[in-house]
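Remember, it's 1-based here, ligands and their atoms both numbered in the order they're listed.
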Amino acid sequence: MRNDIFPEHFLWGGAIAANQVEGAYLEDGKGLTIVDLLPTGEKRRGFMKGNIPSLAPLEGEFYPAHEAIDFYHRYKEDIALFAEMGFKVLRVSIAWSRIFPTGEDQAPNEAGLKFYDDLFDELIQNGIQPVVTLAHFDVPVYLIEQYGSWRSRKLVDLFETYAKTVFTRYKDKVKYWMTFNEINMLLHLPFLGAGLVFKEGENQKQIQYQAAHHQLVASALAVKSCHEIIPDAKIGCMLAAGTFYPYTCNPEDVYKAMEKDRESYFFIDVQSRGEYPAYAKRFFEDNNLEIKMEPGDAKILKSHTVDYIGFSYYSSRTTSTDPEVIKNMTSGNVFGSIANPYVSKSEWGWTIDPKGFRITANQLYDRYQKPLFVVENGLGAIDEVTVDGEINDDYRIDYLKRHITEMGQAIQDGVKIIGYTSWGPIDIVSASSGEMKKRYGYIYVDRDNEGNGSLTRIKKKSFHWYKNVIESNGQTVESGSLSRL
Ligand code: BG6
């Protein structure tokens with residue numbers, strides 16, 4: 001690969017989220033948030049979907065987020081390692097319930113604000129720019145109890161207050177923002193994505209799309225405040241992306257793939273183009289959905305569109321209308337996909353498709369014509385520590401190398417990509433399974449699924465590899481021999 005493909009100031013780095021790294025779940029006044037109610041084990045998936053029996057942690061369950069990897073106390077050590085790899089940016093999220101423990105407190109929690117002041121200062125002193133998501137699977141539990149979370153319009157105002165508070169406080173430190181992480185997750189894991197809990201017999205789709213409308217308005221208002229308070233900042237949306245392929249060229253399959261893509265693009269169409277897409281009208285009618293909108297909402301959406309499109313890419317997806325073919329689903333991916341015979345799978349059943357990354361990036365750029373920011377990509381895998389204390393994660397290097405190569409191809413296709421933050425540069429708690437053994441990091445964390453371990457950090461082989469990637473601005477150097485992508 002040529003060495004001049006990635007722009008000079010390309011934003012290389014990594015991405016983490018408060019709920020999966022910080023721990024200290026009740027420290028310094030923090031309130032409970034969504035993940036504090038998600039145990040490991042079999043119950044987790046049902047809870048994430050909104051079938052949750054209690055809005056308090058249950059006796060006898062293990063909650064991995066409560067301590068996570070203790071980033072709250074160890075962030076200096078971790079940032080030093082990120083700096084050693086040469087990170088230009090670190091994507092983090094702010095825990096809403098550290099700033100407003102109940103979500104509707106009269107004044108923000110100073111201890112929470114100070115934590116992020118210190119975190120951002122530490123990053124900046126290490127030459128790393130923070131990229132901040134306002135809500136990464138995060139709603140204060142009190143707001144879920146009081147208002148049913150995003151099903152209520154009330155959340156729009158409360159979120160606006162929260163957003164204005166953090167923009168004002170960090171305006172000199174943070175110039176890249178994002179509103180809701182993987183906003184389309186609301187359709188697949190509604191409790192994880194948006195704090196939605198369902199009662200028996202409720203019309204879930206109606207509630208989900210009403211909540212989506214509230215988030216979309218809240219997102220536009222956050223864009224407005226960000227532009228007013230920090231005129232030199234950029235603020236984006238964030239999509240769980242991954243193009244759907246039709247299983248065959250049967251037009252029925254092709255149409256279904258288009259519909260499946262639209263399910264996700266729906267959100268970004270509103271956030272980026274500023275209005276509900278034409279196909280939404282028919283979709284709402286066909287599904288008997290009535291979305292309550294306030295006068296003025298359309299104007300808010302139209303006037304405050306995002307500056308860039310942030311997205312995660314792990315896998316492409318495949319769909320079909322053939323009931324026989326549909327039986328062969330891959331496990332592990334919340335989006336549900338038919339096993340694609342042309343590509344491989346991870347240990348968790350997630351499709352590995354580097355070319356799909358190039359395809360997805362091209363489609364997003366064609367559709368929105370706005371800069372793209374790849375804010376998540378990576379391989380969740382089991383790592384073994386050798387007797388010499390080494391972790392030789394060649395499989396991870398292989399995955400990332402192939403994906404970064406395709407990202408380079410997309411840039412040569414003309415797609416404007418401003419940065420790449422791989423997911424979980426240090427091992428963190430898995431969002432979907434709550435496991436620690438599903439590791440994405442360049443840095444190993446000594447902790448297991450049950451919460452045992454010293455939390456010691458160890459550099460993996462991929463640590464040195466990624467350092468070279470950044471140093472050479474994408475002209476990857478494999479450890480040992482000098483071989484180009
Ligand atoms: C994305 C999320 O869905 O994928 C992250 O934004 C998550 O929070 C990541 O961790 C990887 O998924 P998992 O389930 O392997 O942690």
Item to check | Side-chain donor/acceptor of K437 to backbone N/O of N449, under 3.5 Å | outcome: no
Checklist entry - Does ligand 1 have an atom under 4.0 Å from some heavy atom of H136? => result yes
Item to check | Gap between atom CG of L196 and atom CE of M48 - 0.5 Å precision | outcome: 14.5 Å
Next on the checklist: Give me the nearest non-hydrogen protein atom to atom 3 (O) of ligand 1 as residue plus atom name, then the distance to 0.1 Å.
Outcome noted: E182 OE1, 2.5 Å
Checklist entry - Does an N or O from M185, backbone or side chain, lie closer than 3.5 Å to an N or O of ligand 1? => result no
Item to check | Top protein contact for atom 14 (O) of ligand 1, by heavy-atom distance | outcome: S432 OG, 2.5 Å
Item to check | Element-labelled atoms of ligand 1 that are located less than 4.0 Å from some non-hydrogen atom of S430 | outcome: 13 (P), 14 (O), 15 (O), 16 (O)
Checklist entry - atom 10 (O) of ligand 1: which protein heavy atom is closest, and how many Å away? => result Q20 NE2, 2.8 Å
Item to check | Rounded distance [0.5 Å steps], CD in E84 versus CG in L81 | outcome: 6.0 Å
Checklist entry - How would you list, by chain and number, every residue that makes a salt bridge (charged side-chain N to carboxylate O under 4.0 Å, His left out) with K260, sequence neighbours excluded? => result E263
Item to check | Per-residue contact class, Y440 against ligand 1 - non-hydrogen pairs under 4.0 Å | outcome: side chain
Next on the checklist: Does K256, at its NZ atom, have more than 12 non-hydrogen atoms belonging to other residues, nucleotides or ligands within less than 6.0 Å?
Outcome noted: yes
Checklist entry - Which ligand 1 atoms, with their elements, are less than 4.0 angstrom from a heavy-atom of A431? => result 7 (C), 8 (O), 10 (O), 13 (P), 14 (O), 16 (O)
Next on the checklist: Does only the side chain of N181 get under 4.0 Å from ligand 1, or the backbone, or both, or neither? Count heavy atoms.
Outcome noted: side chain
Item to check | Atom indices of ligand 1, in the order listed, that fall short of 4.0 Å to a heavy atom of K438 | outcome: 13 (P), 14 (O), 15 (O)
Checklist entry - Would a line drawn from the ring center of F159 to the ring center of F180 be shorter than 6.0 Å? => result yes
Checklist outcome for this item: Heavy-atom closest pair (Y116 atom, S93 atom, distance to 0.1 Å) is CE2-O, 3.8 Å
Next on the checklist: Check the orientation of Y25 and H66. Use parallel for under 30°, tilted for 30 to 60°, and perpendicular for over 60°.
Outcome noted: parallel
Next on the checklist: Suppose we call two aromatic rings close when their centres sit under 6.0 Å apart. Are F87 and F82 close by that rule?
Outcome noted: yes
Next on the checklist: Could you tell me, atom by atom, which parts of ligand 1 come under 4.0 Å of a heavy atom of W350?
Outcome noted: 12 (O)
Checklist entry - Heavy atoms only: which of W423, F335, Y314 is nearest to atom 5 (C) of ligand 1? => result W423
Checklist entry - Should one rank E435, R439, M238, E376 by closest heavy-atom distance to atom 6 (O) of ligand 1, which comes out on top? => result E376
